[in-house]
Colleague: 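The structure under discussion is supplied below as structure tokens; questions concerning it will follow.
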Amino acid sequence: MKKIFIPLLAVLLLISCKKETTAGDRVGNGLVTEDSSAVKTGIPAGPVANTILTDEYVKHIGTLAYLWGWPMVNIHNRKVTFEKLPEPVYGGGIVPLSPPNQLCMLTDYMQAGEKEVACPNQDVVYGFGLTDFTKDALVVQVPDFGDRFWVYQVCNQRTDGYATLGKMYGTKPGFYLLTGPKWNGKVPDGITQVFKCDTDLGVVIPRVFQTDDPADKKSIQPLIQKIMMYSLSQFDGKEKTKDWTKIPVLPSPAKAGNEETKWVKPEVYFDELPAILKEVPPMPGEEAIYGQIQSVLAAAAKDPKIKAILKQAAIEADQKLITPLFQFSNVGYPLKDNWTTQGNGAQFGLDYLTRTACAKANIFVNKPNETKYFYQDKDVSGVRLHGNTKYTVTFAKGQVPPVKGFWSLTLYNQYHFFSPNSINRFSLGTKNKDLKYNADGSLTLYVQNTPPSNDKLSNWLPSPKETFSLYIRCYWPEDRVIKDSWLPPAVTKG
């Protein structure tokens with residue numbers, strides 16, 4: 001596997017040498033030197049046209065391109081699919097879907113059976129919408145949530161966040177404008193704040209916390225009806241509403257499968273990548289990477305053999321490089337007791353590995369100050385979690401996750417989705433008001449396939465009979481969570 005990253009190392013070395021010596025600069029002995037920099041205006045960032053490209057070189061650049069572009073192709077293909085929708089709908093009756101530049105909101109928790117986005121949570125009411133700024137700037141409505149926790153995730157095509165809309169930001173109710181990189185229109189009166197996206201394509205995902213209390217589920221409904229996104233041309237300064245209980249239902253595909261919808265298909269990846277390179281402009285320092293990839297794509301357009309090598313490189317990279325990143329044990333960095341985490345979610349920058357790992361295992365993670373995530377595939381002894389074993393997770397007195405929003409421990413099956421169970425419970429945490437604490441003030445959660453004794457039922461997190469994973473979310477975490485001063489307890493055999 002080490003060979004895969006040789007071209008990347010070379011590219012990064014090229015980038016690190018980008019400081020130029022300009023013509024006329026004086027060196028140590030007072031002599032004047034001419035500019036000999038290889039990186040200056042007008043010099044190609046990759047091999048020039050007709051350069052001989054060996055099979056191994058094409059394969060290595062193709063593998064790098066697959067890792068680098070996987071998240072952006074993922075978002076692109078969601079847009080290609082959802083732009084065919086005539087209006088907001090509930091996919092299979094449970095998944096909020098909509099054409100670009102509109103939102104679709106649920107009215108309750110996400111239910112089991114959803115396959116569009118891995119790792120949903122059972123703590124919030126979700127919404128989802130794609131942004132396409134080639135059409136227009138967009139208005140996002142923020143109602144008065146009062147004391148209720150909420151956050152709108154707003155990210156670009158790279159899955160990096162660019163807006164600050166949420167309880168942790170002190171965001172006021174009002175109308176907020178999202179614009180694309182080329183927008184230079186007039187901001188109308190009544191707009192509270194403007195956020196500029198550096199890509200034309202992106203995503204908006206509202207999350208609004210609710211508890212399991214039926215009264216709370218009822219009281220949240222008027223707020224949800226005011227969560228809207230629409231084109232600036234429709235803005236009139238008046239709050240719009242929508243009754244989400246009357247959204248059409250789109251039947252589930254006949255063969256949905258168990259895994260997340262395959263948004264990235266290696267067989268056609270390099271047919272789609274040229275469009276992504278045009279959609280997503282390079283960040284500072286990425287010009288060389290774009291040049292390397294574009295030169296190979298240009299050669300493939302003329303040479304069927306090179307195109308075939310790229311296709312095979314994508315197929316192999318999908319199996320050997322991307323698929324292992326689905327396992328939480330390969331995401332981010334390790335903590336004690338076999339937990340892992342990452343500290344740059346939605347702020348990935350040039351960290352292509354973590355960006356793609358998160359996109360594969362759990363796309364659309366929030367920024368660290370919005371949410372801190374802890375992932376677990378194993379028990380304290382390093383054995384894979386499995387439904388044939390009973391486990392406990394015990395938070396010492398005063399050591400439940402320190403948050404200003406909410407926390408939860410969620411269980412996912414081997415495909416990172418909810419595993420149906422008799423009590424329709426997929427997580428435990430702040431939303432559960434009946435959790436029972438131990439006599440010493442600690443809190444023990446019981447993770448097992450069969451129900452525990454009656455006195456422990458309120459603390460039971462049902463597991464499937466197969467392998468599964470655990471996942472701790474800390475929304476609006478305190479600094480000690482962000483800095484890993486607070487860590488999750490071990491998962492032990494019960």
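What you see is a predicted model; the values in this text were computed from it and never measured. Atoms considered below: every heavy atom in the structure, side chains included; atoms not considered: hydrogens, waters and symmetry mates.
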Colleague: Hey, do the aromatic rings of F195 and Y162 have their centres closer than 6.0 Å?
Modeller: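 Between Y162 and F195, which both carry aromatic rings, the centre distance is not below 6.0 Å.
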
Colleague: Would you compute the distance between atom OG1 of T392 and atom CD of Q448 and round it to the nearest 0.5 angstrom?
Modeller: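 Output value for this atom pair is 9.5 Å.
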
Colleague: When the ring centroid of F374 is compared with that of W486, is the distance short of 6.0 Å?
Modeller: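 Judged by ring-centre distance (under 6.0 Å), F374 and W486 do meet the cut-off.
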
Colleague: Taking the six-membered ring for Trp, are Y269 and W263 ring centroids under 6.0 Å apart?
Modeller: no

Colleague: Does the Lys NZ or Arg CZ of K115 fall within the cation-pi geometry relative to F417 - under 6.0 Å from the ring centre and within 45° of the axis?
Modeller: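 Judged by the rule, K115 and F417 form a cation-pi pair.
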
Colleague: When the ring centroid of Y152 is compared with that of W150, is the distance short of 6.0 Å?
Modeller: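 So the answer is yes for these two rings.
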
Colleague: Just by modelled atom types, is the G429 backbone N or O under 3.5 Å from a matching donor or acceptor in the N432 side chain?
Modeller: yes

Colleague: Is it true that W407 and F395 have ring centroids separated by less than 6.0 Å?
Modeller: yes

Colleague: Do E272 and V80 touch side chain to side chain, with heavy atoms closer than 4.5 Å?
Modeller: no

Colleague: Sub-3.5 Å donor-acceptor pair from the side chain of T199 to the main-chain atoms of N156, do we have one?
Modeller: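 Not confirmed, T199 side chain does not pair with N156 backbone.
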
Colleague: Strictly distance-based, threshold 3.5 Å: is any side-chain N or O of E478 a donor or acceptor partner for the main-chain N or O of R480?
Modeller: no

Colleague: Between Y471 and F328, does the ring centre distance come in under 6.0 Å?
Modeller: yes

Colleague: Here's one to test your reading of the geometry: is the NZ or CZ of K242 within 45 degrees of the ring axis of Y230 and under 6.0 Å from its centre?
Modeller: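 No, cation not above the ring by the 6.0 Å, 45° rule.
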
Colleague: Which pair of non-hydrogen atoms, one from I205 and one from G127, has the smallest distance, and what is that distance?
Modeller: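 Heavy atoms only, the tightest pair is CG2-O, 3.2 Å.
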
Colleague: State which residue, out of F426, F468, F326, fulfils the ring-ring contact (aromatic ring centres under 6.0 Å, His included) condition with H416.
Modeller: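 So, applying the ring-ring contact (aromatic ring centres under 6.0 Å, His included) to H416 and each of F426, F468, F326, only F326 qualifies.
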
